[in-house]
Amino acid sequence: MPVLLLADGSRPSLPAGVSIAEALRAVAPKVEAVAVKVNGQMRDLAWVPPADAEIEPVRKETPEGLDILRHSLSHIMAAAVVRLFPGTKLAIGPAIENGFYYDFDLEHKLTPEDLDRIEAEMTRIVKERAPFQRMELPRAEALRRLDAEGQSYKVELIEGLQDETISFYRSGDFMDLCRGPHLATTADAGAFKLLSVAGAYWRGDEKNPMLQRVYGAGFWTRQALDEHLRWLEEARARDHRHLGKQHALFHLNDLVGPGLVLWMPKGAIIRTELESWIRAELRKLGYQGVYTPHIGRLGLFRTSGHYPYYRESQYPPLIDRECLAKLADENCGCAELSNRLEAGEVEGYLLKPMNCPLHIQIYKAAQRSYRDLPIRLAEFGTVYRYEGSGELNGMVRVRGFTQDDAHLFCAPEQLEGEVEACVALVQSMFRTLGLTQVQMRVSLRDPASDKYVGSAENWARAEQNLRHVVRKLGLDYVEAPGEAAFYGPKIDFIVRDALNRQWQLGTVQVDYNLPERFGLEYIGADNAPHRPVMVHRAPLGSLERFVGILIEHYGAAFPLWLSPEQVRVLPIGEAQTEYAARVTEQLKDAGLRVHLQASNEKIGAKIRQATLDKVPYMAIVGAKEAEKGAVSVRHRKDGDQGVMPVEDFAARMRREIAEKT
RNA sequence: GCUAGAGUAGCUCAAUGGUAGAGCAGCGGUUUUGUAAACCGCAGGUUGUGGGUCCGAUUCCCACCUCUAGCUCCA
């Protein structure tokens, strides 16, 4: 008889020869299963298990259970679309985080109004309570059927499968190629909402036709769905583009150019505070600050590999004036110019896409001894990358940005220690900023790709170094082939913000290749030249992206040390203006960023404004406070903090600033 | 870059093939205020840019620019 493996360790037997659904009803009616797992393989509830099967229920509320719901929802949506738009070709329709999508190929361009119609049709399908029925066809038969129906994408999918038997699922009048499992019937489909429609390439390849992808959210209960929709709204309200405008933190302007950020005074304060803090930390760790220009000769970037390997994601080179005149004399066309640039016959300058080639030149500017190593060169270096127009997004995806960059040059035997220290630095910085959910990813080379420089040995060595470090530190990490930098593998830090969204921020990279390409050396204890290893690292990544994320993480309510305006002095009436000005001066002298709000509004209005402006503290001064040399302190979130002497208030704020809380 | 959508006052948003409107913000005045919005007034626009259709375009058409969602990319 089949055996049921329950979470509590019990193993009840199931009646033989009946479906799982029936068996569960009889033996374990409390188990809310949506499918079962047998030897790691998922099966529907309608499946009739063999006598020796060991069956593990897949509960509704588990991630796997939710995936099944969402996957079935994508089928129901496809059924609705096919009903409304006959002749629609189906591509793929998987479950994703919080929902599902399905890719369609149809003439009609789907609009938001269509989403409402599709949703209504889905509701109808749910009410039809059609069971999801699995059926299996021999491969040839399956291909014949789909080909006859003109489902060319499905044909392509089957052609990619090895299986001789192909499974389909039917629900009502709709049938789709599918591995399963599915809900028992469409009536179990929980709560859903279609959210958006957007283009998506077939199989994610830009050479393929673009399909229309409809996204939906799906949950077991209306309540869970509503909660998710509320969360989406909260995320929208915290959008850094919106808050950045509202709080005058940064500005993007057509005349300046897309993806080029103007930091407004208040945003600049946040950035300056971050930079000062980082500089102080780096000083303690033996880094040296350097400055390098924004452009450098093309040859420099040919040597580094940036120009040949990433030409299309850079601003085009600035061509030497003399060279340009000569090319004009020769009537050189654009295509010809492009060829000559590639051949290295035309010289010019490149807006730097990375700082490393310039830092390397600083290393090379002197003869280095093993006694000098490691040399750690740090710079808030501004780099330029020509991101595709569709990729730009506020501050978090831009074309000009400043990295909190540094390059460490060390002897091979020092390497792992340096990487370790870098990892520790990144972790401590995130901790300070309240970003506690950090995941590490070891990003490796994709051996099949030709976008990397250097020898296989160098790569193997570097990848081993990184694995040693993460294992030694006992850190949780995932490996990601194909995510490496073009010169070396890296450890990336993926952070979840206050809204549980993921961002790739800091990075620590090991590089044997650029030292080789640039012929870097140091003289060892044996009086012979040796090749150093480089570490590239940027804890925050880019200040633009990082501040953009911080805006959303804090919802513009920055901790005191980062707040552009730390305290606002609010006089009750005109009689206190003079005292309020004195308090303002006193707080300014205590090193605080303070403003006096002496307008003739009522105190309630001033408090409201300061609260909306997310100013951490308000110092309210009326007749009573003026008499005692005190202020009535109010916090933007915690409200009234009581009356205290101005010095006490300043000390309290200074303490809070020092603690960076 | 690709697909779809959008662009109206500093911000958020209305409206229309026939002189473009509100709230907030701004400015001026009245009010002198005790912990999340006092009152009155004024000003603010080549409706993204350039072309076209039309007696007339902000509205319709075309091109371009920028933005949004997603795809692709992300050294």
Side-chain angles (χ1 to χ4, degrees), chain A residues 101 103 109-112 114 195-215 236 239 241-242 245-246 248 251-259 301 304-307 309-314 352-357 383 385-394 396-399 403 443 451-453 483-488 490 504 507 509 511 514 536 538 541-542 545 570-577 598-613 618-625 632-636 639-643:
Chain A
Y101 68 78
D103 287 347
K109 305 290 182 205
L110 293 171
T111 64
D114 290 328
L195 296 176
S196 63
V197 53
Y201 299 110
W202 166 236
R203 300 203 140 163
D205 189 331
E206 56 188 325
K207 290 182 211 72
N208 286 337
M210 185 160 274
L211 311 170
Q212 300 190 66
R213 175 174 296 178
V214 178
Y215 283 92
R236 255 194 297 279
D239 190 318
R241 292 167 298 192
H242 179 73
K245 209 176 260 180
Q246 196 180 332
H251 181 60
L252 291 160
N253 180 298
D254 226 14
L255 287 172
V256 177
F301 297 101
S304 68
H306 290 94
Y307 186 65
Y309 282 83
Y310 286 92
R311 196 176 318 122
E312 58 307 325
S313 53
Q314 293 162 359
K352 62 177 171 181
M354 286 186 87
N355 300 303
C356 32
V383 299
R385 301 179 187 178
Y386 197 83
E387 302 288 352
S389 60
E391 275 110 56
L392 301 174
N393 179 288
V396 300
R397 197 76 195 276
V398 293
R399 285 184 176 161
Q403 298 176 310
S443 297
K451 67 172 188 176
Y452 305 98
V453 299
E483 296 289 333
F486 80 89
Y487 46 73
K490 52 185 183 159
Q504 191 204 306
T507 180
Q509 315 174 346
D511 178 11
L514 293 185
H536 310 234
S542 116
R545 172 176 291 181
L570 311 179
I572 299 279
E574 214 165 58
Q576 289 85 44
T577 311
S599 64
N600 63 355
E601 286 145 311
K602 289 169 72 166
I603 192 65
K606 293 180 194 175
I607 287 171
R608 177 169 189 274
Q609 197 51 54
T611 310
L612 292 176
D613 289 346
M618 288 158 253
I620 297 163
V621 294
K624 283 179 282 179
E625 288 79 13
S632 171
V633 175
R634 186 183 166 94
H635 185 263
R636 67 182 165 205
D640 199 344
Q641 305 289 296
V643 176

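By convention in this document, chain letters (A, B, ...) are assigned in the order of the sequence lines, proteins followed by strands, and residues within each chain are numbered from 1. Since this is a predicted model, take the numbers as computed values, not measurements.
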Pairing check on B:A69: which nucleotide meets the Watson-Crick or G-U wobble criteria with it, both distances under 3.5 Å? B:U3
Are a donor atom and an acceptor atom from the side chains of A:Y201 and A:R203 found within less than 3.5 Å of each other? no
Take the protein atom CD of A:Q246 and the nucleotide atom C1' of B:C13, then report the distance between them rounded to whole Å. 15 Å
A:F486 and A:Y309 aromatic ring geometry - parallel, tilted or perpendicular at 30°/60° bounds: parallel
When you compare the side chain of A:L252 with that of A:V256, does any pair of heavy atoms fall below 4.5 Å? no
CZ of A:R397 versus P of B:A69: gap in Å, rounded? 13 Å
Does A:N600 place a side-chain N or O at less than 4.0 Å from the phosphate oxygens OP1/OP2 of B:C39? no
Using the six-membered base ring of B:A75, report whether A:Y310 stacks on it, requiring centroids under 5.5 Å and planes under 30° apart. yes
Less than 3.5 Å between a donor and an acceptor, one on the side chain of A:E625 and one on the base of B:G34, is that the case here? yes
Between C1' of B:C67 and CG of A:D239, the distance in whole Å: 12 Å
P atoms of B:U33 and B:G48, separation to the nearest Å: 48 Å
Expressed as a whole number of Å, how far does the P atom of B:U3 sit from that of B:A43? 47 Å
Relative to the 5' end of RNA chain B, which residue comes earlier, A:R203 or A:Q609, by the nucleotide with the nearest heavy atom? A:Q609
Short side-chain N/O contact from A:R608 to OP1 or OP2 of B:U35, under 4.0 Å: no
Could you work out the separation of B:G21 and B:U47 based on their P atoms and round it to a whole Å? 13 Å
Classify A:Y487 by what it touches in the nucleic acid, base, sugar-phosphate, or nothing, heavy-atom distance under 4.0 Å. sugar-phosphate
Quick note, A:K624 side chain, CB onward, closest among B:G34, B:G1, B:U3 is B:G34
Return the nearest nucleotide to the side chain of A:E206; candidates are B:U72, B:U68, B:U3. B:U72
Could you measure between the two C1' atoms, the one in B:G44 and the one in B:C11, and give it in whole Å? 13 Å
Strictly by Watson-Crick or wobble contacts shorter than 3.5 Å, is anything paired with B:G26, and which nucleotide is it? B:C42
A:N600 and A:E574 side chains, donor-acceptor separation under 3.5 Å: no
When rounded to the nearest Å, what value does the distance between C1' atoms of B:G7 and B:U12 take? 15 Å
Provide the distance between the two C1' atoms, one in B:U46 and one in B:A9, to the nearest whole Å. 14 Å
If B:A57 has a Watson-Crick or G-U wobble mate with both distances under 3.5 Å, name it; if not, just say none. none
Same-atom distance (P) from B:C55 to B:U49, integer angstrom: 25 Å
Complementary nucleotide of B:U8, counting Watson-Crick and G-U pairs under 3.5 Å: none
Given that both distances must come in under 3.5 Å, which nucleotide forms a Watson-Crick or G-U wobble pair with B:A37? none
Atom pair distance, as rounded to whole Å: CE in A:M618 and P in B:U35: 13 Å
What's A:G390 touching, base or sugar-phosphate or nothing? Going by heavy atoms closer than 4.0 Å. base
Of the listed nucleotides (B:C67, B:U33, B:U72), which one gets closest to any side-chain atom of A:E391? B:U72
A:K606 side-chain N/O to A:P571 backbone N/O, donor-acceptor pair under 3.5 Å: yes
Candidates B:U3, B:C71, B:A36 - which lies nearest the side chain of A:R213: B:C71
Considering only side-chain heavy atoms of A:A623, which listed nucleotide, B:G34, B:U35, B:U68, is closest? B:G34
Ignoring hydrogens and angles, tell me if any N or O in the side chain of A:R385 forms a donor-acceptor pair with the backbone of A:S313 under 3.5 Å. no
Side chain of A:Y201 (C-beta onward), nearest among B:C71, B:U12, B:A36: B:C71
Answer yes or no: is there a side-chain heavy-atom contact under 4.5 Å between A:M354 and A:F301? no
The Watson-Crick or G-U wobble partner of B:C64, with both key distances under 3.5 Å, is B:G48
Side chain of A:D254: nearest nucleotide among B:U32, B:A69, B:U66? B:U66
Taking the P atom of each, how far is B:G18 from B:C60, in whole Å? 12 Å
Nucleotide nearest A:D640 when distance is taken to its side chain, options B:U35, B:A38, B:C74: B:U35
Donor-acceptor pair present, A:D205 side chain and B:U72 base, under 3.5 Å: no
Is the base of B:U35 touched by the side chain of A:S632 through a donor-acceptor pair closer than 3.5 angstrom? yes
Tell me whether the side-chain N/O atoms of A:R241 come closer than 4.0 Å to OP1 or OP2 in B:A69. yes
Over how many whole Å does the gap from A:L612 atom CG to B:U35 atom C1' extend? 14 Å
Any donor-acceptor N or O pair under 3.5 Å, side chains A:Q509, A:Y487: yes
A:I603 side-chain proximity, nearest of B:U33, B:A4, B:A75: B:U33
Value in whole Å for how far the C1' atom of B:C73 lies from CD of A:E387: 8 Å
NA contact type, A:G622, heavy-atom cut-off 4.0 Å: base, sugar-phosphate, or nothing? base
Would you please confirm or rule out a distance under 4.0 Å between OP1 or OP2 of B:C73 and any side-chain N or O of A:R385? no
Would you mind reporting whether A:E625 and A:I620 have side-chain heavy atoms less than 4.5 Å apart? no
From CD of A:Q509 over to C1' of B:A75, roughly how many Å is that when rounded to an integer? 8 Å
Check every atom of B:C71, B:U3, B:U66 against the side chain of A:M210 and return the nucleotide holding the closest atom. B:U3
Tell me the interatomic distance from A:Y215, atom OH, to B:C71, atom P, rounded to whole angstroms. 4 Å
Less than 3.5 Å between a donor and an acceptor, one on the side chain of A:T111 and one on the base of B:A4, is that the case here? no
Reckon A:S389 has a side-chain N or O less than 4.0 Å from the OP1 or OP2 of B:G1? yes
